[in-house]
Each structure stands twice: as C-alpha cells, then as structure tokens.
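Worksheet: one structure, shown below.
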Amino acid sequence: MSGRYQAVRGMRDLAAADAAELRQVEDQCMAVARAFGFEEIRLPLVESEELFSRGIGVGTDIVSKEMYAFDDRRGKRLALRPEGTAGCARACIERGLLHNQTQRLWYSGPMFRYERPQQGRYRQHDQFGAEIFGVAGAEADAELIQMTAAIWEALGIGHAVRLEINAIGSGASRAAYLEALVAYLSPYESELDGDSRARLRMNPLRILDSKVASTQRILEEAPNLADYLDATEREQFHSLRELLDALGLSYRVNPRLVRGFDYYTHTVVEWTTEGIGAQDAVGGGGRYDGLIELLGGRPTPAAGFAMGMDRVALLRQAVTEGSPYRSTDVYVVMQDGKHVPEAMAAAQALRVRVPGLRVRLHAGGGGLSAQFRRADRSGADWAMIVGEAEIAENRVSLKWLREDRPQAFASIEEAAAMIRDAQTDGR
RNA sequence: GUGGGCGUAGCUCAGCAGGUAGAGCUCCGGAUUGUGGAUCCGGCGGUCGUGGGUUCAAACCCCAUCGUCCACCCCA
C-alpha cells in the first residue's frame, strides 16, 4: 500500500461495532466510578518527559525504552503519556487540589507506549483509571478493588478475571529488603538471565517476577519480602485482606507480584485473565504514598488503579455472547427524491419525540426495494415511509421489520408512541 | 528489542514443478417503476503490500523494506 497513507504501527482505527464495543466499556466504567463518588478529570496527553521519568522511574522499561519523547519547537523535552497516574498527580499538585482535602478522580483516554504490537497490545491504547488522594490505609485500597470488581460485574466479565495482591513495603523496609536481595543474588550474578542481571543494579525488585525458570530457581531460596515489612505495613496489608474477605472479594496473595512502576508502595494489585492471549493483565494498580512528594507536593497518601479498555473489550467479546451490532433503530425511506424535505422533517420530529432513538434517513436515491434492503441491513427494527399518500394526510407509514405486525398509517405522535411502547416492552 | 507465520477484489481465501488473475460473501442493478429478508439473472471491483534482482516470461524464485498476526519481553 505504498503511495497511500496508513495508520502508524500499533495504532488502530476502531470503526462501527469495534468502536461501539469500546464505547460501552468506557460508559460502564464511568457509570460505576460516578456511583462510587468519583469525579472526572481530563488530562493532557502530553507532559514534560521529566514528569514520567521521575515519577515512574528511570530504571523502568516504560521510561527507558517505551516512551514517545520528543522536543517541541523551542527545544522543550515532552512525552506522550505512557500512563495516567503521573499526570493526574501533577494536575492535583499544580491546581492545589490536595490542600487539606481528599480527591477521588477518574480519567479515561489513550496512552502511548512504543512496544512491539501484538494481540491486546497497542502503541496507542485506551485506559480507564481512578485515583484516591489523601486517604491512607487499607480502606481506599479495598474500595478501589471493590470498584474495579463492580466494573467487571457491570461488563459481565466478573467470572473471567482474577485478582492478585501483594505488599511490597516502602521506605526503610524496602531499602532493607533490596539490600538483602542484592546480597543474596550477587553471588549468582553470572547464572541470572540477561534482563535480571541488568536489573540487579537498576531495579532489583523486578527480578522477583522474572519468568525465566533458572532465575526462578535461584529465587526459591531468596529472602522473603514479607519478612522485611514493619509492623504498620503488615497491619495495613492484614486490614486489606480482612476487608476483601468481608466483602466477599476473592483474591490470591502473590508474593512475587511486583509492578513495573517505581512509585508503588505497600499494596500492589493486578487483575489478569485467560483467553485474550499472552497479554493477560487487564488492570492493575496499588498504593503510591511517595509520589506526590516526589513530584514536589506535600506528602500525601494515594492509591489508584487503571484498566486497559482495549483488552477488556477483547475479553468481553471472548466470554459474552453480545447482541449483534446495530447502528439504527428506524430507517426512513421515501417514495421519491422530491420528498426529501418531508422525510427529513418527519425523521427529526420522531427523534424529538423518542429521545435516544437512532433515526437514519435514507440517502443516495434508489427505488423503494433498494431502500428497504438498506433498512433491513442497517439492523433497524422499523422502516418509516414518507410518500405521496403520507404527505397528503400529514402522516407516515411505520413498518415493523423484525416482527410480524401490520404496517401502520399514523401521525408522528402515534408512531412515536408505538415505538416507545415497543421499547418499554423490552423487545 | 528478539524469534516465527502471513500480506492476492471491500471481507474470507484459492491460485505456487514460474506462462500475463479466480471463488464465495459483500456491494450495485434487474425479475418486483409504494415495500426488505428467500430465489434467480446480470454487473462493478485487483499497480497480486512496496522496491529491487533472476528470467524470454514472476502473484509464484531471491534480497530488502513496510505492515500484520503469534510468541518472547513488557504491561493495560
């Protein structure tokens, strides 16, 4: 296809049913977040590169090799956001939203990571995320998990996802553990896989979730992170587990769960699934009590999560039947091209009387046969006919396309009433 | 960033001991000039991803490149 423009690698167009599917996922996420008392925040897609390198960590894969970073016209170093939390934290600090108050915020939109595309992994992908600022302790963590679970239920995929949690400490406990881990692993350095060897210096914690079998064997005897948590941290994790148990939310404690951002502290959370390929993480998050201070704000506890809506849409298609995609409820056909004004007026009159009804006017001419064929293929339940006879009596004909019912010759009000009745009956 | 598979009509694909492109579906029209879904008839539609090489001749062989899919990796 050279000579023709094509979408940039890893960035997709979503049309028709695919777009509708993603929209449904986003709508459900928003509805649940609102029901939990979260407010929307709209954030820039572009931030200074340093916000991400400092916030996420220079040693992380995302910052070191997956960021879309560039200079603007005056040489300022910018980056397309690879995730939402850093920008959200920046916005809250900058706007003073954390001054003696808590915040419960949600956002939705595209994230950018320069990765090799594959099933469920795109260079531009849509995330929905939520953050709680200013609340320490396990309740916020538990509530975020409860909310995520509610989203899965709303989407009908609750049975297809699993929750894993872990406590990774912070501050002194983390430092002590890292020291012990590096001390333990260093003698094995030459036996580690290449990635892990590099991480021994850059980001030792990440070695824990290496999937290389030989590395995992070495890790079997490694010091245990849980043993290094202080009393407060243990208590906090215990509280979280109690809350989850009380709520009937099932989970698995995975002591090797470590996430790819440096800002996480205490609690980390990951939701995974089977059945959408190798990219099995559909959501994740955790507590990040140090991030606000790191970015220049006053010390503020915080926790959040994000989910990949593209993957959720994939999963939903895989595990739910889903009704066939339809773009139209009423398809307006006309006897002759000269009836366009009356047909347009009738279509609009119907839209006004039945809010939300998708009324589509036939365009492009053609005989009635062709128009009805289009009406049928649009998935519409009704065809509304505007012709000489209808116009003469200021009426329309309403034809049921999916049910064996007689065609009605009716006023717009009567047609609207019939459609409303049929819709409330649940079709 | 690494490895493998695949790029032929809008879609799904066939065509490959190299001899100048096919099917089904879709779409358009007709049978049916105020009525769709079934059937029948007809039609539109392709620089065979792109560039180069080998050859009298390349969709087919070779090289490169781009894209895509899958896995690694990473994450959502």
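Labels below follow one simple rule: chain letters A, B, ... track the order of the sequence lines, proteins then strands, and each chain is numbered from 1. Bear in mind the structure is a predicted one, so any value in this text is a computation, not a measurement.
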Gap in Å between the two P atoms, one belonging to B/G4 and one to B/G10, rounded: 31 Å

- prompt: Do A/Tyr114 side-chain atoms and A/Ile62 backbone N/O form a donor-acceptor pair below 3.5 Å?
  reply: no

- prompt: Is the number of heavy atoms from other residues, nucleotides or ligands within 6.0 Å of CZ (A/Arg95) greater than 12?
  reply: no

query: What nucleotide among B/C75, B/C74, B/C28 has an atom nearest to a side-chain atom of A/Asp280?
result: B/C75

query: So, is A/Gln119 near the phosphate of B/C70, with a side-chain N or O under 4.0 Å from OP1 or OP2?
result: yes

statement: Within residues 31-39 of chain A, those residues having any heavy atom closer than 4.0 Å to RNA chain B are none

query: If the C1' atom of B/G7 is compared with that of B/G46, how far apart are they to the nearest Å?
result: 14 Å

message: Counting the atoms with a prime plus P, OP1 and OP2 as sugar-phosphate, which does A/Phe305 contact under 4.0 Å by heavy atoms, base, sugar-phosphate, or nothing?
response: nothing

query: Is a donor-acceptor contact shorter than 3.5 angstrom present between the side chain of A/Arg259 and the base of B/C75?
result: no

query: Is NZ or CZ of A/Arg287 both nearer than 6.0 Å to the six-membered ring centre of A/Tyr264 and within 45° of the ring axis?
result: no

field: Distance, C1' atom - from B/A59 to B/C73, rounded to whole angstrom
entry: 36 Å

task: Under 4.0 Å between any heavy atoms, over every strand shown, what does A/Gly10 touch: base, sugar-phosphate, or nothing? Just pick one.
output: sugar-phosphate

task: Look at atom CD of A/Glu179 and say whether more than 12 heavy atoms of other residues, nucleotides or ligands are closer to it than 6.0 Å.
output: no

message: Say we look at B/C13 and B/G19: how far apart would their C1' atoms be, to the nearest angstrom?
response: 24 Å

message: Given the ring of A/Tyr251, does A/Arg241 sit roughly above its face, with NZ or CZ under 6.0 Å from the centre of the six-membered ring and within 45° of the axis?
response: no

field: Spacing of the C1' atoms in B/U65 and B/A57 (rounded, Å)
entry: 25 Å

Closest listed nucleotide, where the reference is the side chain of A/Arg377 and the choices are B/U26, B/A71, B/G34: B/U26

- prompt: Is a donor on one side and an acceptor on the other found under 3.5 Å between the side chain of A/Arg311 and the backbone of A/Asp280?
  reply: no

message: Would you measure the distance from the C1' atom in B/G3 across to the matching atom in B/A17 and give it in whole Å?
response: 31 Å

- line: Rounded to the nearest 0.5 Å, the CD1 atom of A/Ile165 sits from the CZ atom of A/Phe237 at a distance of 4.0 Å

- prompt: Can you tell me if the side-chain N/O atoms of A/Arg116 get under 4.0 Å from OP1 or OP2 in B/C70?
  reply: no

query: When you check the phosphate oxygens OP1 and OP2 of B/A71, does a side-chain N or O of A/Gln118 lie under 4.0 Å from one of them?
result: yes

task: Tell me which nucleotide among B/C73, B/G34, B/C66 gets nearest to the side chain of A/Gln6.
output: B/C66

- prompt: Among A/Val212, A/Leu185, A/Ile207, whose side-chain contact (heavy atoms from CB on, under 4.5 Å) with A/Ile218 holds?
  reply: A/Leu185

Interatomic distance at P, B/C69 relative to B/C11, whole Å: 14 Å

statement: Within residues 202-217 of chain A, the residues having a heavy atom closer than 4.0 Å to RNA chain B are A/Arg206, A/Lys211

query: Should we count CD of A/Glu274 as having more than 12 external heavy atoms under 6.0 Å?
result: no

- request: Using the P atoms only, state how far B/A58 lies from B/C66, rounded to an integer number of Å.
  value: 26 Å

- request: Using a cut-off of strictly less than 4.0 Å, decide whether A/Arg199 has a side-chain nitrogen or oxygen near OP1 or OP2 of B/C74.
  value: yes

query: What nucleotide, of B/G34, B/A76, B/U32, holds the atom closest to the side chain of A/Ser369?
result: B/U32

- request: Output yes when a side-chain donor or acceptor of A/Thr328 lies under 3.5 Å from a complementary backbone atom of A/Tyr331, and no otherwise.
  value: no

